[in-house]
Amino acid sequence: MSEASVLVVEYEPELATLYEQFLYDRYDVTVVSTVEAAVETVSSSFDAVLLDRRLPAGAGREVLTPVRSSVPDRRRAGGTAADPHYDIL
């Protein structure tokens, strides 16, 4: 297991599991599925955040402000099944 850590914010269980399985051998992985859980968890020390742009109880962008303020140089990646021209972060 690596010392590097990744926070995965994804509400679709199959996709969250896929990300976790892909990353597990190289990183410490934490998975959350809501904006509220992500905002609470992001204050922890993570080296990277993999963020779904569209979550059931809010938008992924609601997580970005706490991510940016807690560790400004933290790596972030976003993804979604939504139209790429809609609600760009």
Side-chain angles (χ1 to χ4, degrees):
M1 197 72 69
S2 170
E3 290 184 23
S5 60
V6 177
L7 174 62
V8 175
V9 184
E10 175 58 61
Y11 79 97
E12 293 186 29
E14 299 85 10
L15 196 49
T17 299
L18 179 69
Y19 290 147
E20 184 175 25
Q21 290 174 345
F22 180 76
L23 296 168
Y24 182 77
D25 289 338
R26 294 175 288 182
Y27 305 100
D28 291 327
V29 180
T30 300
V31 178
V32 297
S33 60
T34 66
V35 168
E36 182 178 318
V39 169
E40 289 174 8
T41 306
V42 82
S43 62
S44 301
S45 178
F46 290 97
D47 298 296
V49 177
L50 180 58
L51 176 63
D52 187 346
R53 285 181 33 211
R54 299 186 73 182
L55 298 163
R61 72 176 50 229
E62 295 173 45
V63 179
L64 285 178
T65 299
V67 167
R68 288 178 179 143
S69 64
S70 64
V71 182
D73 61 345
R74 181 178 290 158
R75 293 174 188 237
R76 301 171 296 272
T80 189
D83 180 352
H85 298 286
Y86 176 78
D87 194 28
I88 298 297
L89 293 176

For this session: Measure the shortest side-chain to side-chain distance between Val29 and Tyr19 over non-hydrogen atoms and say whether it is less than 4.5 angstrom.
Result: no
Problem set entry | Minimal non-hydrogen separation, Phe46 against Val6, with atom names | CD2-C, 3.6 Å
Seminar exercise, completed: Scanning both residues in full, the closest heavy-atom pair of Asp47 with Ala4 reads OD2-CA, 3.0 Å
Exercise. What closest approach, in Å, do Leu7 and Ala38 show between heavy atoms, and which atom pair accounts for it?
Worked result: CD2-O, 4.4 Å
For this session: Could you grab the distance from atom CG of Leu50 to atom CD of Glu20, nearest 0.5 Å is fine?
Result: 12.0 Å
For this session: Look only at the side chain of Glu12 and the backbone of Glu14, and say whether a donor-acceptor pair between them is shorter than 3.5 Å.
Result: no
Problem set entry | Sub-4.5 Å side-chain heavy-atom contact between Asp52 and Tyr11 | yes
